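As the structure is a computational prediction, the values presented were derived from the model and not from experiment.
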Amino acid sequence: MIVTRRQAVIGLAAASTAAAGPAFAWKPGADRPALAIHDSRISESIAFARNMRGIPLIDLAREHASGWQAVRALAVERGTVAGLTGWSDWVAVRGLLLERGLRVLSEAAVAAPLSGAVHLFRWDMGRR
């Protein structure tokens, strides 16, 4: 069996993600977000939402149908908004939250070995 460079890079990325654990998860003891935004069409984002026990959630799959009503109505006074979304949804949400005075605290591309989604991003926004 001949392994191409692309296959080796993909395998290495998947192995490092598995070894590091879910990089997109909220870790107890860290600053608890006031709100989490996820996309129920993406397996990794569903896992992210399940890890946000007790934190209000916004599902972007529903937001597309409602004209982004819940995101447009957000008024985050304190805390952060955490998310795991695709790139285009991240750009849209970021714009709406920037209009409300939040700023990007972190943003990182994450691997999506379950769904195979490309351009999946874990991000946080807040007033800090």
Side-chain angles (χ1 to χ4, degrees):
M1 180 173 144
I2 297 173
V3 177
T4 66
R5 181 180 174 171
R6 184 172 194 269
Q7 290 170 324
V9 169
I10 290 170
L12 189 59
S16 65
T17 300
F24 49 82
W26 170 69
K27 288 153 182 78
D31 288 341
R32 185 177 169 86
L35 176 75
I37 297 178
H38 74 289
D39 188 337
S40 63
R41 298 169 294 188
I42 303 170
S43 301
E44 290 81 3
S45 197
I46 292 169
F48 166 80
R50 286 185 182 145
N51 195 41
M52 296 288 167
R53 293 179 190 100
I55 297 171
L57 298 169
I58 292 179
D59 182 359
L60 291 183
R62 293 186 185 138
E63 287 300 289
H64 286 277
S66 70
W68 297 81
Q69 206 169 18
V71 176
R72 290 180 191 278
L74 281 177
V76 179
E77 299 297 323
R78 294 183 181 191
T80 60
V81 177
L84 184 70
T85 62
W87 172 253
S88 57
D89 285 332
W90 165 224
V91 171
V93 169
R94 182 177 60 201
L96 292 168
L97 295 179
L98 284 169
E99 289 174 359
R100 280 147 188 79
L102 278 70
R103 65 183 182 96
V104 177
L105 301 174
S106 68
E107 131 183 354
V110 295
L114 299 174
S115 66
V118 275
H119 310 300
L120 189 62
F121 281 80
R122 170 66 177 91
W123 51 267
D124 294 284
M125 290 186 74
R127 296 196 183 273
R128 293 185 196 160

Check [X] against [Y] and note the closest heavy-atom contact, atom names and distance.
| X | Y | value |
| --- | --- | --- |
| Thr85 | Leu60 | CG2-CD1, 3.4 Å |
| Pro33 | Met52 | CG-SD, 4.1 Å |
| Ala61 | Ser40 | CB-OG, 3.5 Å |
| Arg32 | Arg53 | NH2-O, 3.1 Å |
| Leu105 | Thr80 | CD1-CG2, 3.5 Å |
| Gly86 | Ile42 | N-CD1, 4.3 Å |

Does [X] reach the side chain of [Y], with side-chain heavy atoms less than 4.5 Å apart?
| X | Y | value |
| --- | --- | --- |
| Phe48 | Leu120 | no |
| Val110 | Glu44 | no |
| Leu98 | Met125 | yes |
| Val81 | Ile58 | no |

Go through the steps to decide whether Asp59 and His38 satisfy the test side-chain contact (heavy atoms from CB on, under 4.5 Å), and finish with yes or no.
CA-CA 5 Å; Asp59 182 359; His38 74 289; 3.6 Å; yes

Please check if atom CZ in Arg50 has more than 12 non-hydrogen atoms from other residues, nucleotides or ligands closer than 6.0 Å.
no

If you round to the nearest 0.5 Å, how far is CH2 of Trp90 from CD1 of Ile37?
9.0 Å

I need the full list of salt bridge (Lys or Arg N to Asp or Glu O under 4.0 Å) pairs touching residues 104-115, with sequence neighbours left out, sorted by first then second residue.
Arg94-Glu107

Residue pair Ser106 / Asp124, side-chain donor-acceptor N/O under 3.5 Å:
yes

Which residue, His119, Arg41, Glu63, forms the side-chain contact (heavy atoms from CB on, under 4.5 Å) with Asp89?
Arg41

Ser45 side-chain N/O to Leu84 backbone N/O, donor-acceptor pair under 3.5 Å:
yes

Where does the angle between the aromatic ring planes of Trp87 and Phe121 fall among parallel (under 30°), tilted (30 to 60°) and perpendicular (over 60°)?
tilted

